[in-house]
Amino acid sequence: MAHLILGIESSCDDTSAAVIRDEYLLSNIMAGQEVHRNYGGVIPELASRAHQQNILPVVDQAVRQAGVRLDRIDAIAFTRGPGLLGSLLVGTSFAKGLALALDKPLVEVNHLQGHILSHFIKQKDRENRHPEFPFLALLVSGGHTQIVKVTDYLKFEVIGHTIDDAVGEAFDKCAKMLNLGYPGGPVIDKLAKTGNERRFQFAKPHIADLNFSFSGIKTSLLYFLRDRVRENENFIEENKADICASFQKHLIDILMDKLIKAVRLTGITQIALGGGVSANSGLRTRMEQEGNARGWTVFLPEFKFTTDNAAMIAVTGLYKFRQGLVCDLDVAPVSRAADMR
Ligand code: KG4
Ligand code: ZN
């Protein structure tokens, strides 16, 4: 019998609800939060307040658009973490309240696993390609940068991770230095398209194994800009596109070096990209180029599944529900991925 799952996501600054029937998407509603733009970053207190306002209409719309009755839902899946605690609390409390009121099972979902399993969401009249197990996932977001070996729907092994900042943070902080606003990733991506990516070079970090580091690159960009602005006060304005293109290429090079190493070490050639930064057009193109050159089968998420969305939470919840992995009503959100196991 088909399973109907309601997914709820509220880990950062997007409130989202989705309904799936087995892996098939029936609805996926998202409400972003404009309020943070003025502050150059997500303000946790404002984020949780906005979630409070958004969550009921978003869930209501998701259920209506799916054309299902709430009492027909088989389980409610929600993001337990990682993320901002105040934001997670809103989704978690809402999911618990609904589960209690409807007497439905509750399934907690790890947001990062959600990003990875977003490749298994199916849509009507689409090709619906998905990676075969085992595959490697390059997970790139505002809070995380990981290489994950996935051997089954719920079997994940993090084989590489960042030892400091996430790659999304590097994009955002670079944008801040260039006065491009928040979030920086999409703006850098756009400007990079018209720039010369070979114009400026930055020093590569030397980090052991499959791990990453992005905090040094931020500092080197800061000093680079300071020195150039000393010589020409209009340096940034006059060279914005080239700086963005060079910086973006540098970040992509760092990611690809480790991914290529991971493929060599594991022998796995099914590669899936996930997380907010997977929207980056430079990274997507490069993944395809490397994939063609090296014989990988590459899976890029559709744009609407690159940002935080509840469809990925619902599909991950579906796999957990099928394995009987439901949770109790006293479940509490967790902000750090390491605390989720
Ligand atoms: O997965 P996500 O929506 O939230 C987290 O779970 O962290 O990722 C957000 C991150 C931000 O750092 C944002 O700048 C970045 O994804 N991002 C991009 C692009 N679109 C979003 N980075 C580079 N290029 C993009 N086109
Ligand atoms: Zn995310």
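In each ligand, atom 1 is the first atom listed, and ligand 1 is the first ligand listed.
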Next on the checklist: Walk me through whether Asp74 and Lys104 qualify under salt bridge (Lys or Arg N to Asp or Glu O under 4.0 Å).
Outcome noted: CA-CA 7 Å; Asp74 290 293; Lys104 299 289 179 188; over 6 Å; no
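- At least one N or O atom of Asp189, backbone or side chain, sits closer than 3.5 Å to an N or O atom of ligand 1.
- For His144, the closest heavy-atom approach to ligand 1 does not fall below 4.0 Å.
- No other N/O/S atom of Asp308 lies as close to the Zn ion (ligand 2) as OD1 does.
- Cation-pi geometry between Arg284 and Phe303 is satisfied (NZ or CZ under 6.0 Å from the ring centre, within 45° of the ring normal).
- Here Val277 has heavy atoms under 4.0 Å from ligand 1 in both its backbone and its side chain.
- At a 4.0 Å cut-off, at least one heavy atom of His111 sits close enough to ligand 1 to count as contact.
- Residues Tyr153 and Phe133 bring their aromatic ring centres within 6.0 Å.
- Nearest non-hydrogen protein atom to atom 18 (C) of ligand 1 is Gly185 CA, 3.5 Å.
- Heavy-atom proximity to Gly142, at under 4.0 Å, picks out these atoms of ligand 1: 5 (C), 7 (O), 8 (O), 9 (C), 10 (C), 12 (O).
- Restricting His115 to its N, O or S atoms, the one at the least distance from the Zn ion (ligand 2) is NE2.
- Considering Leu84, Asp172, Asp13, Ile252 only, the shortest heavy-atom separation from atom 12 (O) of ligand 1 involves Asp172.
- For the Zn ion (ligand 2), the N/O/S atoms of His144 include none lying under 2.8 Å.
- Remark: distances from the non-hydrogen atoms of Pro186 to ligand 1 include one below 4.0 Å.
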